[in-house]
Amino acid sequence: MEEDARAGRKFHTITVTGSDPEEKTLTFQLRNTTIYLIVAAVCAVVGIFLGIIIFETRQVLEITARTTAKQQELSDEYTQLAAQYEQLEGQYADEILENEELTSQVSALTATLQDKLAAEETAAAEAEEEALPTGFPVTGSSTPAELPEGESELDEAVYYEGSEGTVVVATGTGTVELIRENAYGYYEVHIDHGNGYASIYTNTGTPLVREGDTVVRGTPLYLIQEDNTLIKYQITKDDALINVYTIMSVDG
């Protein structure tokens, strides 16, 4: 370091030489103030550079931290969603099984109901058929009889001569609506078949049924004995007498 004699300034001399002695030697003189400025500038640049590095590092760390937190959050959400999906999948499987069981039960109930309806329809059809007075009113052997004296052809009656021991029977299902003795000493049995038809049986024998009784086709109404072999039979439709043979079965 040299001092300027005139101004009392101090200088720093810097000599730059090469490795070859023949090369030119460079000499620089720098004041203290200049050196301080250079050092300060270098320090400022280094400080700024370090500050930038630190700032960028912090930014990277913050971004990394946020990214890690977000990834953890997404991972947690995925785990929850996976658990919910597994639970829903189990519930769905249970519901499918339950639906299959319900479908099977419904199918079984439907089949049972259809069978029941079919049975009821069959029973109703059979009951309706049985209620028609299509049967023959006498069991065993019997022959058509002549119109008795005093009887009118207008009453649409048919007469049969029954054999002793045969039975007068109901020709269809119904209810005994009326039993009465007429002016000639004959007992009349009126059966209401519930479908607009009624059948009337007349005989001198004692009726074997009572008013209010429910009868079916073939229920005994009179027992034919020696003194009551003549049977009178009539049918009404909606309270009007009709020809018996329009409804009686051919095999009756």
Side-chain angles (χ1 to χ4, degrees), residues 113-252:
L113 180 59
Q114 290 176 344
D115 292 343
K116 184 177 180 180
L117 290 175
E120 289 178 351
E121 289 177 357
T122 301
E126 291 176 352
E128 184 177 356
E129 176 65 25
E130 288 295 319
L132 291 173
T134 57
F136 194 72
V138 185
T139 64
S141 61
S142 61
T143 57
E146 297 289 336
L147 181 69
E149 185 177 352
E151 295 289 338
S152 171
E153 293 183 355
L154 297 178
D155 61 7
E156 297 287 356
V158 293
Y159 297 86
Y160 297 99
E161 189 69 33
S163 302
E164 185 177 355
T166 59
V167 180
V168 178
V169 295
T171 57
T173 300
T175 303
V176 178
E177 182 180 34
L178 175 67
I179 297 177
R180 69 182 178 183
E181 185 178 2
N182 62 20
Y184 301 100
Y186 288 73
Y187 287 100
E188 297 178 1
V189 176
H190 295 243
I191 297 176
D192 179 12
H193 297 283
N195 50 12
Y197 287 98
S199 54
I200 304 170
Y201 312 78
T202 305
N203 187 263
T204 57
T206 301
L208 302 177
V209 292
R210 295 179 296 180
E211 289 183 1
D213 285 353
T214 299
V215 297
V216 297
R217 185 175 296 162
T219 298
L221 304 178
Y222 302 94
L223 176 63
I224 301 301
Q225 296 177 320
E226 184 179 357
D227 57 350
N228 67 325
T229 57
L230 183 65
I231 304 108
K232 179 181 178 180
Y233 180 56
Q234 298 166 286
I235 294 178
T236 65
K237 172 62 174 174
D238 298 327
D239 298 325
L241 289 166
I242 64 172
N243 189 319
V244 170
Y245 295 111
T246 59
I247 188 170
M248 182 184 292
S249 297
V250 175
D251 57 353

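Values below: all heavy atoms of this structure, side chains included; hydrogens, waters and symmetry mates excluded.
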Undergrad: Minimum heavy-atom separation for Gly165 and Leu223, please, with both atom names.
TA: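 Looking at all heavy atoms of both residues, the shortest contact is O-CD1, 4.1 Å.
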
Undergrad: With rounding to the nearest 0.5 angstrom, report the CD1 to CD1 distance, Ile200 to Ile235.
TA: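 One finds 9.5 Å between CD1 of Ile200 and CD1 of Ile235.
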
Undergrad: At what distance, to the nearest 0.5 angstrom, does CZ of Arg217 lie from CD of Glu129?
TA: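 Those atoms lie 6.0 Å apart.
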
Undergrad: Would you tell me whether Thr229 and Glu161 have side-chain atoms, one donor and one acceptor, within less than 3.5 Å of each other?
TA: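 Yes.
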
Undergrad: Is there side-chain contact between Tyr160 and Thr143, with at least one heavy-atom pair below 4.5 Å?
TA: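 No, their side chains stay 4.5 Å or more apart.
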
Undergrad: I need the Asp155 CG to Leu147 CG distance, nearest 0.5 Å.
TA: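 These two atoms lie 7.5 Å from each other.
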
Undergrad: Going by heavy atoms in the side chains, are Glu211 and His190 under 4.5 Å from each other?
TA: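 Result no, sub-4.5 Å side-chain heavy-atom pair not found.
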
Undergrad: Going through the checks in order, is the side chain to side chain contact (heavy atoms under 4.5 Å, CB included) test met by Asp192 and Tyr197?
TA: CA-CA 7 Å; Asp192 179 12; Tyr197 287 98; over 6 Å; no

Undergrad: Counting only heavy atoms not in Glu146 (residues, nucleotides, ligands), do more than 12 fall under 6.0 Å from its CD?
TA: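 No - once you tally the heavy atoms of other residues, nucleotides and ligands closer than 6.0 Å, there are 12 at most.
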
Undergrad: Which atoms form the tightest heavy-atom contact between Thr134 and Ile247, and what is the distance?
TA: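 Between these two residues, the closest heavy atoms are CG2-O, 3.3 Å.
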
Undergrad: Rounded to the nearest 0.5 Å, what's the gap from CD1 on Ile224 to CG on Asn203? Could you check?
TA: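 Those atoms lie 4.5 Å apart.
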
Undergrad: Closest approach of Leu230 and Ala145, non-hydrogen atoms and distance?
TA: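 Closest approach of Leu230 to Ala145: CD1-CB, 3.8 Å.
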
Undergrad: Counting distance only, does the side-chain N/O of Asp115 pair as donor-acceptor with the main-chain N or O of Ala118 below 3.5 Å?
TA: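 No, Asp115 side chain to Ala118 backbone: no donor-acceptor pair under 3.5 Å.
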
Undergrad: Filter on side-chain hydrogen bond (donor to acceptor under 3.5 Å, both in side chains), then keep only pairs touching residues 164-176, sequence neighbours left out; what's left?
TA: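 The answer is Thr171-Tyr201, Thr171-Tyr233.
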
Undergrad: With rounding to the nearest 0.5 angstrom, report the CD to CD distance, Glu188 to Gln234.
TA: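 Separation between the atoms: 7.0 Å.
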
Undergrad: Is the cationic atom of Lys232 (NZ for Lys, CZ for Arg) positioned less than 6.0 Å from the six-membered ring centroid of Tyr159 and within 45 degrees of its normal?
TA: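 No, Lys232 and Tyr159 do not form such a contact.
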
Undergrad: Output the distance between atom CD (Glu128) and atom CD (Glu121), rounded to the nearest 0.5 Å.
TA: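 Glu128 atom CD to Glu121 atom CD measures 12.0 Å (nearest 0.5 Å).
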
Undergrad: For a quick test of reading the model, state the closest non-hydrogen atom pair linking Met248 to Pro137 and the distance between them.
TA: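 Residues Met248 and Pro137, closest heavy atoms: CE-CD, 4.1 Å.
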
Undergrad: Are side-chain heavy atoms of Ser249 and Phe136 found at a separation under 4.5 Å?
TA: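 Side-chain contact under 4.5 Å: no.
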
Undergrad: Any chance you could lay out the side chain to side chain contact (heavy atoms under 4.5 Å, CB included) test for Leu132 and Asn195, step after step, and finish with the verdict?
TA: CA-CA 8 Å; Leu132 291 173; Asn195 50 12; 3.6 Å; yes

Undergrad: Please report the closest heavy-atom contact between Thr246 and Ile242, naming both atoms and the distance.
TA: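 Minimum heavy-atom separation between Thr246 and Ile242: OG1-CD1, 4.0 Å.
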
Undergrad: Considering the options Thr204, Val189, Val169, Ile231, which one meets the side chain to side chain contact (heavy atoms under 4.5 Å, CB included) requirement together with Tyr222?
TA: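 Exactly one option meets the side chain to side chain contact (heavy atoms under 4.5 Å, CB included) with Tyr222, and it is Val189.
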
Undergrad: Check the surroundings of atom CG in Asn182: do more than 12 heavy atoms from other residues, nucleotides or ligands lie under 6.0 Å from it?
TA: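 Count over threshold, so yes.
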
Undergrad: Compare every heavy atom of Val209 with every heavy atom of Ile179, then report the nearest pair and how far apart it is.
TA: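 Heavy-atom minimum between the residues: CD1-O, 3.1 Å.
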
